[in-house]
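Worksheet: the structure to be examined is printed underneath.
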Amino acid sequence: MKGRKPSAPLLLLLPAIVVLAAVVVVPLLLSLYSSFTPFRLTKPETFFVFIGLRNYLSILANTDFWWAFGRTVLLLTIALNLEMLLGLGLAMLVEKATRGQRILRTLMMFPMMFSPILVGFQFKFMFNDNIGLVNNALQSLGITSDAIPWLIEGHLAFIAISIAEIWSSTAIFAILILAGLLAMPKEPIEAARVDGCTPWQTFRYVTWPFVMPFAYIAMTIRSLDVARAYDIVKIMTDGGPAGRTELLWTLVARTAYSDGRMGMANAMAYFSILLSIAFTVYFFNKLAAARTQIGAEW
């Protein structure tokens, strides 16, 4: 009996293990099981009907799902590229500052202090047709004479959502790239200047290869965020107009709660998780390659 007594570390970890199992593991297993059933919220008995891979096969033929997937990838591409460019510019400006750098770093993190729901409400008001700040500014400057239907026309609504995403999360790229710039040794830059390199050549062949791993870390984090974007889209457009801004997780929520098809929604969610894992693996491979290059060159 003495040999079977649990160790002290296990006993100390047991409450955390029980809580994690109750709030994470069990719901995940139940949702995974329900993805193999025709479970509907209005018909609880369907939770016990096993249909195999029928939901997953239906997803492959579901045009709404693939349109939502395409919009999510498009938003991911636009947001990551613009956030990286803007974050790189902000990081380099802050790194060059000789005074007030701490204040600038704090201000740079300001958008991250807002919750996505608050950002959604903020930009929904700014892009409002009649009283929005954007339309009023454009009309006051004489750029446009009529109000632009930002949240009513499909392409414009997607642009508005992209702007909200970029504003709220550019700071992630800026902070991580700034960390790379501050950690970078100054000797290679000084050697490049002595060799007669232009500022662009110094950035392209010295600075950027060093900060690239930090940019890939930010891309990995943001790819997971954008792949499960929901709050901002839900508040600003709710997937409209006519589904033109429907993303993967707004489609999952609509399928689960508006249509009541929880089994199909869980299948979509797990399919989306697999796609997110694929993006994460891609960026981790890029990160490993960048680190290998830095190790070989430095």
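Position 1 is the first residue of the sequence; numbering continues from there. Since the model is a prediction, treat every value here as computed from it, not as a measurement.
Here Tyr257 pairs with nothing under the side chain to side chain donor-acceptor pair (under 3.5 Å) rule; sequence neighbours left out. Residues forming a side chain to side chain donor-acceptor pair (under 3.5 Å) with Arg105 (at least two apart in sequence, or on another chain): Gln101. For Phe214, there are no ring pair (Phe, Tyr, Trp, His ring centres under 6.0 Å) partners, not counting sequence neighbours. Scored by the ring pair (Phe, Tyr, Trp, His ring centres under 6.0 Å) test, Tyr270 finds no partners at all (sequence neighbours excluded). Under the rule for a side chain to side chain contact (heavy atoms under 4.5 Å, CB included), the partners of Val18 that lie at least two apart in sequence or sit in another chain are Leu14. Residues meeting the side chain to side chain donor-acceptor pair (under 3.5 Å) test with Glu95, sequence neighbours left out: Lys186. With sequence neighbours excluded, no residue forms a salt bridge (charged side-chain N to carboxylate O under 4.0 Å, His left out) with Arg244. Remark: Val49 pairs with Pro38, Ile51 by the side chain to side chain contact (heavy atoms under 4.5 Å, CB included) rule, at least two apart or across chains. Ser168 meets the side chain to side chain donor-acceptor pair (under 3.5 Å) test with no other residue; sequence neighbours excluded.
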Exercise for the section: Apply the test salt bridge (Lys or Arg N to Asp or Glu O under 4.0 Å) to residues Asp225 and Arg222: give CA-CA distance (whole Å), side-chain angles for both, the deciding distance (0.1 Å), then the verdict. Expected result: CA-CA 5 Å; Asp225 286 341; Arg222 282 296 295 147; 3.7 Å; yes
Which donor-acceptor pairs under 3.5 Å do the side chains of residues 110-125 make with protein atoms, sequence neighbours left out?
| residue | atom | partner | partner atom | Å |
| --- | --- | --- | --- | --- |
| Ser115 | OG | Leu118 | N | 3.3 |
| Lys124 | NZ | Ile235 | O | 3.4 |

Compile the donor-acceptor pairs under 3.5 Å between side chains in residues 187-198 and protein atoms, sequence neighbours left out, one pair per line.
| residue | atom | partner | partner atom | Å |
| --- | --- | --- | --- | --- |
| Thr198 | OG1 | Gln201 | N | 3.2 |
| Thr198 | OG1 | Gln201 | OE1 | 3.4 |

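Outside the 6.0 Å centre-distance limit, the rings of Phe39 and Phe48 are not counted as a close aromatic pair. Residues Trp249 and Tyr230 place their aromatic rings such that the two centres sit no closer than 6.0 Å.
Atom CG of Leu182 is surrounded by more than 12 heavy atoms from other residues, nucleotides or ligands within 6.0 Å. Annotation for Trp67: atom CH2 does not count as buried by contact number, only 12 or fewer foreign heavy atoms lying within 6.0 Å.
A donor-acceptor pair under 3.5 Å is absent between the side-chain atoms of Asn62 and the main chain of Ser58, judged by distance alone. At distances below 3.5 Å, at least one donor-acceptor pair connects side-chain atoms of Asn135 with backbone N or O atoms of Asp129. Looking only at distances, no side-chain donor or acceptor of Trp150 sits under 3.5 Å from a matching main-chain atom of Ala160. The main-chain N or O of Thr237 is never found under 3.5 Å from a side-chain atom of Thr245 such that the two would form a donor-acceptor pair. Counting only distance, with no hydrogens or angles, the side chain of Asp259 and the backbone of Arg261 share no donor-acceptor pair below 3.5 Å. Checking side-chain atoms of Ser140 against main-chain N and O of Ala137 turns up no donor-acceptor pair under 3.5 Å. Between the Thr37 side chain and the Phe50 main chain, no donor and acceptor come within less than 3.5 Å of each other. Between the side chain of Tyr33 and the main chain of Phe47, a donor-acceptor pair closer than 3.5 Å is present. Formation of a donor-acceptor pair under 3.5 Å by the Arg71 side chain with backbone atoms of Leu247 is not found in this model. Looking only at distances, no side-chain donor or acceptor of Asn266 sits under 3.5 Å from a matching main-chain atom of Ser34.
Pairing each heavy atom of His155 with each of Glu153, the nearest pair is N-OE1, 3.1 Å. When all heavy atoms are compared, the tightest approach of Leu76 to Ser223 is CD1-CA, 3.5 Å.
A side chain to side chain donor-acceptor pair (under 3.5 Å) check over residues 40-49, counting only residues at least two apart or in different chains, returns nothing.
Looking only at side-chain heavy atoms (C-beta outward), Phe173 and Leu86 stay at 4.5 Å or farther from each other. Counting heavy atoms from C-beta on, the side chains of Leu74 and Phe158 come closer than 4.5 Å.
Here the CG atom belonging to Leu88 is positioned 13.0 Å from the CD atom belonging to Glu83, to the nearest 0.5 angstrom. Going from atom NZ of Lys234 over to atom CD1 of Ile161 covers 12.5 Å, rounded to the nearest 0.5 Å.
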